[in-house]
Each structure stands twice: as structure tokens, then as C-alpha cells.
Number of protein chains: 2
Amino acid sequence: MTGALLANTALFRGASPQEAEAMLNCLGAVERSYCKGERICRSGDYMTDLGMVLSGSVLIQTDDLWGNTTVLDKAGPGQIFAETYACVPGEPLMVDVVAAEAARVLFLKVERVLHVCSHTCAHHSKLIRNLLLLSAQKNLNLSRKIFHTSAKTIRGRLLSYLSYQARRSGGPSFSIPFNRQQLADYLNVERSALSNELSKMQRDGLIRLEKNQFTLIQDVSGLSSRV
Amino acid sequence: MTGALLANTALFRGASPQEAEAMLNCLGAVERSYCKGERICRSGDYMTDLGMVLSGSVLIQTDDLWGNTTVLDKAGPGQIFAETYACVPGEPLMVDVVAAEAARVLFLKVERVLHVCSHTCAHHSKLIRNLLLLSAQKNLNLSRKIFHTSAKTIRGRLLSYLSYQARRSGGPSFSIPFNRQQLADYLNVERSALSNELSKMQRDGLIRLEKNQFTLIQDVSGLSSRV
DNA sequence: TCCGAAGTGTTGTTATAACAACATACTTGT
DNA sequence: ACAAGTATGTTGTTATAACAACACTTCGGA
């Protein structure tokens, strides 16, 4: 029954529902259920398994030195978490994982994922490639975030981010997947300061915006080519 | 002759020099030489190969919207670069790679790395695991940098970074692998402001420092446990 | 239709970091 | 031992973002 769900995940992509389900044995799969708010992994834990959300959702969060909790990420059905830590033995978890709502989680032993057991597991090697792909993609996302937050000013960060979105959309007009608060969090700035700067940029004729729809004006001749 | 070098790299770890060299055929290896300053990869390129530095060194750098060049990383003999992009088809390079000095670079087709060719390649599957490990490690490094630069104040960033270093060293005294400028770059702040804040923190009795040797005072009772 | 909640924009004040400029170490080669 | 260069710390000024407080808009129920 979980096979159908698994076959649709990025991790098991390429396997049929039957094949996916059949692999679970090799992978030391264990399923657990959690109540809303329950802690699934705790900062400092050493992970030997990666987690895959089967139902509900989990939050990846961290408490800073002063006890403020920040949500870093959210994983829903079919998405995996803690896989990075599980892949690097001896590296303690730097975050907490808690259930955002009632959730079922499947834990897979990374050791078993990485070492092809026998020829009965047809898609095992595809599984490893999928995991590498996920890791590389996460890598790029992290790099991009660092890239977009490296500018000192809010305007600089916005231009970096918006230029990227424009390039990715293939034109000067595009919409972004964040609301203002989320964009502020992503760029690591204050929401109200962000709103303020967006207004100024519109007044300065750099952009036009309507809700989440942006247009980059003045394709800053000569600048846009490289960045 | 390159076998001995290869066998010592993180990517080929586990293979003997002979085995490593023998694998090069399967991997579509091509060696290229570059003069100092020569551009090896250009922002926007689509990578099908990962690069491994055989000799010399290369810089991973980026030009921002205003043309300022920032060095993001440096790769020396045995280290690889652009592997993340090569692992995610269709994702254009966001950085430039240039030779920091005269350099020889080995390019390996990621497609060939990921797909085990035949049983003659004994360590091919180990190679994939090595690549995944490298990717996961890079991931953690990026996450840590984001983590340490998420605080709004310089002091907050320093406390985050220094607490981590203390935890990792297993005690309140430790030395760091950065000079002031490098630390400032890492934390994304101004060098002189960093120096200033370090002095203040010492005056405030939070830390003691002597060159790159730090001691965290007042193991901030109650706070340290989680972070 | 009205209410409340969430999202967004605006403004003024305050805290903070960037910046510039310089003084003081500390290296390193000759 | 000296000079030149690099690294680091110090200070005052200025630019900028955080913060707080509020007005305005959507939007989705009740």
C-alpha cells in the first residue's frame, strides 16, 4: 500500500510500486507515527537513518543561543529529511525535527541504501543515484541562498534574487513562490524593511511589482549578462 | 603515474593506484592544462563533467551585479569542483572557475561515474558512494555557514560560530582555521567591525583570545546545552 | 454582509554595521 | 637588523537596517 506512494517520490523514482515496496526489506525500513508537536529527531543525535514522510508533515527547526526557534524547512509526504547527516557518519544533527501535525515517518538505514545487497534488488543502484541527485540539488539551493544573502544591502539582495528569478523564468516578468515574510526570511532581512525597499526600487524605476508578480525594468545594460 | 595521486583523493578513496588509473577509461577522463588566470569554466556553462585538480590550484569565484569578484572557494590537488552542477543536469554554473596558478585538471564524465559500466570496474560503486559523501559534506558546510550568518548582529554570528567550534573541539578552548579577514568573509561582515566586536566581547568577559586561539568564558549556563 | 485575521505598506526612531583612516603589531626576505 | 609588507586593532562618521507602531488591503469564514 505504501508502494504507490513511494514510487512517486524523488528517492524511489524509477521503481514501480511493487519494486519500491519490495526494496523496503533490504533498506531496514521502520515506520513510526508521531503526534503533532512530537519531537522526531533532536539536535545532537547521530543519524544512521534517513527519514521519509509518509503522511502529515515535519518541520526542520533550530533554537538559537537565546532560545528563539526558527523553522528552516518543512517536509511533506514523499520528502526526505536528515539524509545529509545520515550520509556523513559521526556528524551530529544541528537541527530538531518535529511533527507539524500527526505524521507517519519511514526510516531507512543509509548503510543499506548505499550498499547494494544482491541482484534481487533491481533498482537499488538507481536509488543511490536518486539520493545523490537530491543531495546535489539541496546543495545548489543552499549555495543560491548564500549567494543571494551575500550582498550587504537589502537592495543588493533583492537584485540578486530577482535577477536570478528573471533569468530562470527566461524573461523580465515572473512571479515568486514567497510572500513578503517568507522572502524576508529567505534573504535574512526584516519584512517591513523589505517592503520599504521594494517600494523604493519601484519608485526608482528598477522594478514594477504587483503582489508576487515582478517585472525587472531597465535590464541593466551590460550588467545582466554575467550575473 | 596519476594513479598514486588519485588513490589518495577523497573521490577515489578505497581504490589502489592501479585500480584508480584503470578506471579512468570508463570515466571518460580528459586531462587539460591551464595557465595562471585562465578561465576553466564560465558562469552559465552546463557541466557534464566534474573537475579534479591534479596540480596547481583553481579558484571558484563569482562576479556580483556590480562587477566585484568574490572568491568562494579554492581547490588544490586531489580536490574536485563543479561536481554539484554536473550531478544536476540542466543547471547552469553560477560561478567561474579560474586557474589560481598553472594547473592540470582532470575532467570526468559524471554520467559515467554514476552508471557502473561492467564488472571489470571493481571500485566503481565505491566511487559513487565517495561522491555522495563529498556532496553531503559540502552540504553540511553550506548549512553551517548559513546557520552562522543568520544572526543579525556580529556578536550573534561570532557566538554562533565560536560555540560551534567549542563544541566541535570538545572544550572551551580552541583555535580556528581562519585569520580575521577570512573569518569576516565567512561570517559576511566587515573585518574591522569584526575585530572591534571581538575586543568588546573580550572586555565583556565573554571570550578570551590570543591570535587564533579562543576561549569561551562563562559557559553561558543553561544556554549551551542545546545550541 | 460583516467580522476578524493575515498580509502588506508606511513612517519615524534607534541600534548597528559599514566605511575610512590610522596606529600598532607581526612577518619575511635581504 | 632593517625595511617593506601584511595582519590586526582602534576610533569617529555615516549609511543602513532593525524595530515599533500603525494604516490599509485582502480574503475567508460565520
Side-chain angles (χ1 to χ4, degrees), chain A residues 64-71 74 100 145-146 148-162 165 174-215, chain B residues 64-71 74 100 145-146 148-162 165 174-215:
Chain A
D64 68 16
L65 287 160
W66 298 272
N68 309 310
T69 298
T70 311
V71 172
K74 181 173 183 171
K145 172 164 167 125
I146 291 176
H148 296 318
T149 52
S150 63
K152 290 175 293 289
T153 65
I154 294 181
R155 178 170 296 203
R157 294 184 186 195
L158 276 168
L159 285 174
S160 173
Y161 175 74
L162 296 176
Q165 291 296 334
F174 52 91
S175 62
I176 65 172
F178 291 139
N179 65 28
R180 293 291 185 271
Q181 182 63 63
Q182 291 167 331
L183 180 57
D185 288 345
Y186 181 74
L187 296 180
N188 207 20
V189 298
E190 221 15 63
R191 179 201 59 81
S192 70
L194 179 79
S195 273
N196 191 233
E197 191 61 40
L198 281 172
S199 300
K200 283 188 196 165
M201 288 168 72
Q202 182 156 227
R203 245 172 279 145
D204 292 351
L206 287 173
I207 60 173
R208 289 210 312 118
L209 70 143
E210 185 181 345
K211 295 197 53 147
N212 288 3
Q213 185 72 32
F214 289 75
T215 305
Chain B
D64 69 16
L65 286 160
W66 299 273
N68 308 310
T69 299
T70 312
V71 173
K74 182 172 181 171
K145 172 167 167 121
I146 290 175
H148 296 317
T149 51
S150 64
K152 289 175 293 290
T153 65
I154 294 181
R155 178 170 296 203
R157 294 182 187 195
L158 276 168
L159 285 174
S160 173
Y161 175 74
L162 295 176
Q165 290 297 334
F174 52 90
S175 62
I176 65 172
F178 291 137
N179 65 28
R180 293 292 184 272
Q181 183 63 62
Q182 291 167 331
L183 180 57
D185 289 344
Y186 181 74
L187 296 180
N188 208 20
V189 298
E190 219 17 61
R191 179 203 59 82
S192 69
L194 178 79
S195 273
N196 191 232
E197 192 60 40
L198 281 172
S199 301
K200 284 189 196 163
M201 288 169 72
Q202 181 155 229
R203 247 171 278 145
D204 293 351
L206 286 172
I207 60 173
R208 290 211 310 117
L209 69 142
E210 185 181 346
K211 295 198 50 151
N212 289 3
Q213 184 71 32
F214 289 74
T215 305

- Side chain B/Asn188, main chain B/Thr149, donor-acceptor under 3.5 Å: no

I need the [atom1]-[atom2] distance between [X] and [N], as an integer number of Å.
{"X": "B/Leu158", "N": "C/dT16", "atom1": "CG", "atom2": "C1'", "value": "14 Å"}
{"X": "A/Lys152", "N": "D/dA15", "atom1": "NZ", "atom2": "C1'", "value": "12 Å"}
{"X": "B/Asp185", "N": "C/dA18", "atom1": "CG", "atom2": "C1'", "value": "14 Å"}
{"X": "A/Ile154", "N": "C/dA18", "atom1": "CD1", "atom2": "C1'", "value": "14 Å"}
{"X": "A/Arg157", "N": "D/dT16", "atom1": "CZ", "atom2": "P", "value": "14 Å"}
{"X": "B/Leu209", "N": "D/dG9", "atom1": "CG", "atom2": "P", "value": "7 Å"}
{"X": "B/Asn179", "N": "C/dT27", "atom1": "CG", "atom2": "C1'", "value": "13 Å"}
{"X": "B/Leu183", "N": "C/dA17", "atom1": "CG", "atom2": "P", "value": "14 Å"}

- Message: If you take any heavy atom closer than 4.0 Å to DNA chain C, which residues from residues 188-203 of chain A end up in contact?
- Response: A/Arg191, A/Ser192, A/Ser195, A/Asn196, A/Ser199

- Message: We want to know whether A/Gln165 and A/Tyr161 form a side-chain donor-acceptor pair, criterion being a heavy-atom distance below 3.5 angstrom.
- Response: yes

- Query: So, for B/Lys211 and B/Arg180, which heavy atoms are closest and what is the spacing to 0.1 Å?
  - Reply: O-NH2, 3.0 Å

Looking at side-chain heavy atoms only, is the closest gap between [X] and [Y] below 4.5 Å?
{"X": "A/Leu162", "Y": "A/His148", "answer": "no"}
{"X": "B/Arg191", "Y": "B/Leu183", "answer": "no"}
{"X": "B/Glu197", "Y": "B/Thr153", "answer": "no"}

